[in-house]
**Q** 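Below are the structure tokens for one structure; questions will follow.
These numbers were taken from a predicted model, which means no experiment stands behind them.
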Amino acid sequence: MQYCLIETDLGWFGLAWSPQGITRAYLPGDSVHSVRERFDKLGSETAHWPAFIDEARQLILAYARGEAVSFDDLPLDLSAVSDFHRRVYGDILRLGRGETTTYGEIARRLGDVGLSRAVGQAMGSNPIPLIIPCHRVLASGGKTGGFSAPGGSTSKMRMLALEGFEDPQAAQTAFDF
């Protein structure tokens, strides 16, 4: 597997890929050294990448500048992911920019509201965050919920803010409701 690092307005992103598509993404929040160290375990860094990685790089740079982008046409290689997780990721790939859902809503769409925790586990192990937009999944009642990327829930809300999402809880707090 090969990877590349991308310096953006938000910090260093990392992308790894196979011939079939993107296999891993790492969100900013750590030093370039830490990101490189993490990806060195997956493969080797390269300055030569396929066209779909060049496209992904350009989209990530634009996203970090706050531009509206769509990652819909990028090929993803989820062959190392369980079937259930692929179903969950397929569901959230339908969410548009700034659109959110909850773990329970995804579980319901998958046929069993009792799967909410399993959906949460899938979100926590998402190998391609941002491109598979797990940051758009909230806990019940519009609560932020967890986020396993650097910066945790703060990063999640920053990403949603870039997409124009307004946190109703933050508005309530601002007005002391």
Side-chain angles (χ1 to χ4, degrees), residues 1-101 103 106 110 118-137 145-152 155-156 158-160 162-163 165:
M1 196 174 315
Q2 294 184 307
Y3 76 89
C4 65
L5 302 180
I6 309 162
E7 186 176 16
T8 75
D9 292 345
L10 299 174
W12 288 93
F13 276 83
L15 284 178
W17 65 90
S18 73
Q20 290 72 42
I22 299 168
T23 58
R24 292 255 183 234
Y26 191 71
L27 299 177
D30 290 336
S31 70
V32 65
H33 175 73
S34 294
V35 177
R36 182 172 284 121
E37 202 171 74
R38 183 179 201 128
F39 273 94
D40 278 343
K41 296 173 187 170
L42 300 174
S44 58
E45 186 173 7
T46 181
H48 304 286
W49 43 78
F52 67 86
I53 292 298
D54 190 48
E55 181 182 356
R57 289 171 54 91
Q58 297 308 312
L59 290 170
I60 288 169
L61 287 166
Y63 180 89
R65 291 189 300 265
E67 297 174 25
V69 300
S70 171
F71 299 103
D72 291 350
D73 294 331
L74 295 175
L76 306 179
D77 179 355
L78 295 172
S79 59
V81 173
S82 75
D83 185 51
F84 176 75
H85 285 198
R86 277 195 295 274
R87 288 178 50 216
V88 171
Y89 301 150
D91 184 89
I92 64 171
L93 281 166
R94 294 183 190 101
L95 295 173
R97 183 177 192 267
E99 184 181 356
T100 62
T101 191
Y103 303 107
I106 294 170
L110 295 178
V119 168
Q121 290 171 343
M123 295 298 101
S125 61
N126 178 3
I128 314 173
L130 177 61
I131 296 169
I132 298 175
C134 57
H135 63 284
R136 296 177 182 158
V137 181
F147 197 54
S148 59
S155 293
K156 181 179 198 172
R158 193 173 311 136
M159 292 169 73
L160 286 170
L162 271 175
E163 297 180 12
F165 175 77

**Q** Does Met123 form a side chain to side chain contact (heavy atoms under 4.5 Å, CB included) with Ile92? I'd like the steps, not just the answer.
**A** CA-CA 10 Å; Met123 295 298 101; Ile92 64 171; 3.8 Å; yes
**Q** Look up atom CZ in Arg94 and atom OG1 in Thr101, then write down how far apart they are to the nearest 0.5 Å.
**A**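 That separation rounds to 11.5 Å.
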**Q** Is there a side-chain contact between Val32 and Glu7 in this structure, where contact means two heavy atoms from C-beta onward sitting under 4.5 Å apart?
**A**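 Val32 vs Glu7: side chains apart.
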**Q** With side chain to side chain contact (heavy atoms under 4.5 Å, CB included) as the criterion, how do Thr100 and Leu95 come out once you've worked through the C-alpha distance, each side chain's angles and the decisive distance to 0.1 Å?
**A** CA-CA 7 Å; Thr100 62; Leu95 295 173; over 6 Å; no
**Q** Going by heavy atoms in the side chains, are Trp17 and Leu74 under 4.5 Å from each other?
**A**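 Result no, sub-4.5 Å side-chain heavy-atom pair not found.
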**Q** Evaluate the criterion side chain to side chain contact (heavy atoms under 4.5 Å, CB included) for residue pair Leu78 and Ile132; output intermediate values, then yes/no.
**A** CA-CA 11 Å; Leu78 295 172; Ile132 298 175; 4.0 Å; yes
**Q** Using side-chain heavy atoms (C-beta onward) and a distance below 4.5 Å, is Leu27 in contact with Met159?
**A**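 Of all side-chain heavy-atom pairs linking Met159 with Leu27, at least one is under 4.5 Å.
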**Q** Looking at Thr8 and Phe13, what are the two nearest heavy atoms and their distance?
**A**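 Reported closest heavy-atom pair: CG2-CD1, 3.5 Å.
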**Q** Can you tell if the side chain of Tyr103 reaches within under 4.5 Å of the side chain of Val137, non-hydrogen atoms only?
**A**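 The answer is yes; the side chains approach within 4.5 Å.
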**Q** Applying ring-ring contact (aromatic ring centres under 6.0 Å, His included), name anything that partners Phe71, two or more places apart in sequence or on another chain.
**A**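 If we apply the ring-ring contact (aromatic ring centres under 6.0 Å, His included) test to Phe71, skipping adjacent residues, there are no hits.
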**Q** In Å, rounded to the nearest 0.5 Å, how long is the span from OH of Tyr89 to CD1 of Ile106?
**A**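 Between atom OH of Tyr89 and atom CD1 of Ile106 there are 10.5 Å.
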**Q** What are the two closest heavy atoms between Pro129 and Cys134, and how far apart are they?
**A**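 Taking Pro129 first and Cys134 second, the nearest heavy atoms are CB-SG, 4.1 Å.
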**Q** Can you see which heavy atom on Gly66 is nearest to which on Leu162, and at what distance?
**A**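 In terms of heavy atoms, the two residues are closest at CA-CD2, 3.6 Å.
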**Q** If the condition is salt bridge (Lys or Arg N to Asp or Glu O under 4.0 Å), which residues does Arg136 pass it with, not counting sequence neighbours?
**A**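 If we apply the salt bridge (Lys or Arg N to Asp or Glu O under 4.0 Å) test to Arg136, skipping adjacent residues, the hits are Glu163.
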**Q** Quick one: closest heavy-atom pair of Met1 and Ala16, and the distance?
**A**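 Answer, listing the atom of Met1 first, then Ala16: SD-CB, 3.8 Å.
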**Q** So which heavy atom on Leu93 is nearest to which on Ile131, and how close?
**A**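 So the two residues come closest at CD2-O, 3.4 Å.
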**Q** I'd like to know if the side chain of Arg57 reaches the main chain of Leu5, judged simply by a donor and an acceptor atom lying under 3.5 Å from each other, with no hydrogens or angles considered.
**A**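 A pair under 3.5 Å: yes.
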**Q** Testing the basics here: between His135 and Leu160, what is the closest heavy-atom pair and its distance to 0.1 Å?
**A**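 Closest heavy-atom pair between His135 and Leu160: O-CD1, 3.5 Å.
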**Q** Using the side chain to side chain contact (heavy atoms under 4.5 Å, CB included) rule, take Arg36 and Tyr3 through it: C-alpha gap first, then chi angles, then the decisive distance, then the call.
**A** CA-CA 9 Å; Arg36 182 172 284 121; Tyr3 76 89; 3.2 Å; yes
**Q** Drop me the distance from Tyr63's OH to Asp9's CG, to the nearest 0.5 angstrom.
**A**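 Spacing of OH (Tyr63) from CG (Asp9) equals 13.0 Å.
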**Q** In Å and rounded to the nearest 0.5 Å, what is the CZ to NZ distance from Arg24 to Lys41?
**A**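 Between Arg24 CZ and Lys41 NZ, I get 11.5 Å after rounding to 0.5 Å.
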**Q** So how far is it from Gln20 CD to Ser79 OG, rounded to the nearest 0.5 Å?
**A**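 Rounded to the nearest 0.5 Å, the CD-OG separation comes out at 6.5 Å.
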**Q** Taking atom CG of Leu15 and atom CD1 of Ile128, what is their separation to the nearest 0.5 Å?
**A**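 The CG atom of Leu15 sits 9.0 Å away from the CD1 atom of Ile128.
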**Q** Within a 6.0 Å radius of atom CZ on Arg38, are there more than 12 heavy atoms belonging to other residues, nucleotides or ligands?
**A**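 Not buried by this count: 12 neighbours or fewer within 6.0 Å.
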